[in-house]
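Down below is the structure, laid out as structure tokens.
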Amino acid sequence: MPFYVTTPIYYVNAAPHLGHAYTTIAADVMARHHRQRGEEVFFLTGTDEHGEPVADAAHALGLEPQELADRNAERFRALAPRIGASNDFFIRTTDPQHEAKVQEVLSQVRDNGYVYEGTYEGWYCPRCADFKAENEIDEGNRCPIHHIELTREQEENYFFRLSAFQAPLEQLYAEREDFVMPRTRYNEALSFIRTGLRDVPLTRHKLTWGVPVPWDPEHVFYVWFDALLNYYSALSYAREGEDLTAQLWPASYHLIAKDILRFHTVYWPALLMAAEIDLPEHVFVHGYLLMEGEKMSKSLGNVLDPFAVIERFGADALRFYLLREVPFGQDGSVSTSSFELRYESELANELGNLASRTIGMLDRYRDGAVPAAALDPALAEDFAGLPERVAAHVDRAELTLALEQIWQRVKRLNRYVEEQAPWRLAKEPERAQELDRVLASLVEGLRSVTVLLWPYLPTSAERLLAALGAPELGLSSAQLGAGEVRRVSAIDSLFPKDPPAAGA
Ligand code: ME8
């Protein structure tokens, strides 16, 4: 079974921030883990370039939308490698192949009888590019996300017959309880469906910045339908000269935050049904990174700069922090102080010291050669079934729980060092065999957790495995005892304490 994972495509109305980095990092962890399982993996991210959010931001800067899109799409494209993301493709909705696919699929939806002409009247948030239902409006006709005043829109549009999918969507939710995860989000989506679905605009008449509607060039497609289709269109042109759709569709996981839940859990499956395209397996909805209690967002201006963090501490530290600090799927606060605390106490003290102590003792007591000794059964017991447990969590996108499983073993290895006190054994020549066993067990345990940590800490894990002379990354090699470390070599500190500030 191939594994196809996506992030939302991000608006190019401003530069990327930590919230965007978060979803991309999570998707990358899943992609890397599945590659470790030997599966064919495809990981997609990219940018959403049409619609009012981008057109308005461009005009405010005195630019054409395409100019702003070109400028910011490059920043998002550049973010991926900076955070260690191994995406297989980067889609831009202004790609001509994407636009052609949008026209093709939405014409099919019309041919299938789900499109009609009508007049839309209602409240609209130009930042969300969202037509708000009456029960989604804050006091004073404000957007609950952006806190700006909503506009009253009246427009001749083509409509998508969303209401026709009320029963099919209820059936989908009844049959596939893991279509939307976690459970709270499934309940939220289902209760939205149960309140009764109204038809929604499929096109915009007032806007010109969008994909032209082939049957009426006075209109462009409503940005959300254009954007959602990226997950499908990308496969048709991501690899030059190939169409990967048959091989990779449907997607295994769409990762999103809860701000765009309704589009992905209601509109998207309905649209696919209308076009007779298979539905994705899962939509996983993670929470918000909060700063000072509010959703971090560019329009609210309360953002933590991922580039500054990476510059000083490296991408691995940021990846680890985000997935360790905030239980994946829930909201959680982030701050510079909690970042520094975790970096120091967990990465530097727990993992970094474990690695340097293990390598240091092998060097000191055995000249860097790993003794050929049987593993300590007590340790083996604590590691039994670990790769399987990690895989079971990642299968459900429980990335924080998977990391916790691994981290418990990092702590276990540190306790093992304290319990066995190899420095005492080294002083008693008659206990050389015991020392052999402790050292061999320790280095094998370190190798095992490092293989499992690779999706979270790719650069550090590769460095450490190279120092252990055991670069194998496959998940089966993470089993304690599956590897063979013969010699270790010294490495510089993996997570140096108090790295210099950027530019210092
Ligand atoms: O909504 N906490 O784009 P967008 C966690 N173009 N995640 C966050 C976050 C935060 N504070 N802020 C942003 C759009 N995100 C549309 C999507 S998809 C077909 C079209 C992440 O630039 C999270 O993944 O506003 C959220 O869903 C996404 O960025 C919104 O990005």
Side-chain angles (χ1 to χ4, degrees), residues 5-28 44-57 68-69 72-73 75-76 79-80 83 85 91-94 98 102 125-130 143 145-146 185 210-211 221-234 251 253-269 271-272 280 283-306 322-323 325-335 397 399:
V5 61
T6 68
T7 72
I9 46 170
Y10 307 116
Y11 282 133
V12 287
N13 52 355
H17 65 70
L18 196 65
H20 303 119
Y22 183 47
T23 318
T24 304
I25 288 170
D28 188 63
L44 179 71
T45 186
T47 42
D48 185 359
E49 306 193 0
H50 291 129
E52 250 144 339
V54 177
D56 288 354
L68 182 66
N72 282 332
R75 294 166 135 171
F76 279 96
L79 175 71
I83 56 181
I91 188 170
R92 297 183 56 183
T93 55
T94 50
H98 166 77
V102 167
C125 172
R127 292 263 179 81
C128 297
D130 189 11
C143 168
I145 298 173
H146 295 100
R185 301 298 165 207
V211 178
F221 284 112
Y222 172 38
V223 63
W224 268 101
F225 289 102
D226 160 6
L228 286 164
L229 280 165
N230 90 86
Y231 303 130
Y232 182 71
S233 72
Y253 265 99
H254 294 310
L255 298 190
I256 60 166
K258 60 187 186 179
D259 50 347
I260 52 179
L261 172 125
R262 177 161 37 89
F263 297 107
H264 285 81
T265 61
V266 182
Y267 292 22
W268 180 224
L271 181 71
L272 290 170
V283 177
F284 186 90
V285 187
H286 65 67
Y288 287 154
L289 299 182
L290 307 171
M291 282 198 87
E292 292 137 21
E294 277 239 51
K295 180 194 173 202
M296 185 188 299
S297 94
K298 33 199 178 198
S299 35
L300 297 177
N302 58 340
V303 295
L304 198 136
D305 181 5
L322 292 176
L323 291 167
E325 181 75 12
V326 181
F328 195 58
Q330 298 171 28
D331 289 351
S333 292
V334 293
S335 66
L399 304 183

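Positions are given from 1 along the sequence. Atoms within a ligand are numbered from 1 in the order they appear, just like the ligands themselves.
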Could you tell me if the side chain of Leu272 sits less than 4.5 Å from the side chain of Pro280, heavy atoms only?
yes
Nearest non-hydrogen atom to atom 16 (C) of ligand 1 belongs to which of Ile9, Leu229, Asp331, Ile260?
Ile9
Heavy atom of Lys258 under 4.0 Å from ligand 1?
no
Does the N or O separation between Asp48 and ligand 1 drop below 3.5 Å for any pair?
yes
Sequence neighbours left out, what passes side chain to side chain contact (heavy atoms under 4.5 Å, CB included) with Ala73? Give chain and number order.
Val12, Thr47, Glu49, Arg92
Under a 4.0 angstrom heavy-atom cut-off, which atoms of ligand 1 come close to Ala227?
19 (C)
Thr45 backbone acceptor or donor facing Tyr10 side chain under 3.5 Å
no
Parallel, tilted or perpendicular, judged at 30° and 60°: which one describes the rings of Phe263 and Trp224?
parallel
Closest to atom 8 (C) of ligand 1 by heavy-atom distance, out of Pro16, Gly51, Gly19, is Gly19
Tell me whether Tyr11 has any N or O atom under 3.5 angstrom from an N or O of ligand 1.
yes
Could you tell me if the side chain of Tyr11 sits less than 4.5 Å from the side chain of Phe76, heavy atoms only?
no
Going by heavy atoms in the side chains, are Val285 and Ile256 under 4.5 Å from each other?
yes
May I ask whether Phe263 places a heavy atom under 4.0 Å from ligand 1?
no
I'd like to check which ligand 1 atoms, numbered from 1 as shown, lie under 4.0 Å from a non-hydrogen atom of His264.
18 (S), 19 (C)
Less than 4.5 Å apart, side chain to side chain, heavy atoms only: is that true for Phe221 and Leu229?
no
Less than 3.5 Å between some nitrogen or oxygen of Asp259 and one of ligand 1, yes or no?
yes
Do Leu261 and Arg185 have side chains that get closer than 4.5 Å, going by heavy atoms?
yes
Leu255 backbone acceptor or donor facing His264 side chain under 3.5 Å:
no
Enumerate the atoms of ligand 1 whose separation from the nearest heavy atom of His17 is less than 4.0 angstrom.
12 (N), 13 (C)
Does Ala257, backbone or side chain, put an N or O under 3.5 Å from an N or O of ligand 1?
yes
Nearest non-hydrogen contact with atom 29 (O) of ligand 1 belongs to which option: His286, His20, Met291?
His20
Okay, side chain of Asp331, backbone of Tyr288: is any donor-acceptor separation there less than 3.5 Å?
yes
Compute the minimum heavy-atom distance from Gly287 to ligand 1 and say whether it is under 4.0 Å.
yes
Out of all atoms in ligand 1, which are within 4.0 Å of some heavy atom of Tyr288? Include the element for each.
2 (N), 5 (C)
Taking both backbone and side-chain atoms of Pro8, is any N or O found less than 3.5 Å from an N or O belonging to ligand 1?
no
Examine Thr23 against ligand 1 and note whether any of their N/O atoms are separated by less than 3.5 Å.
yes
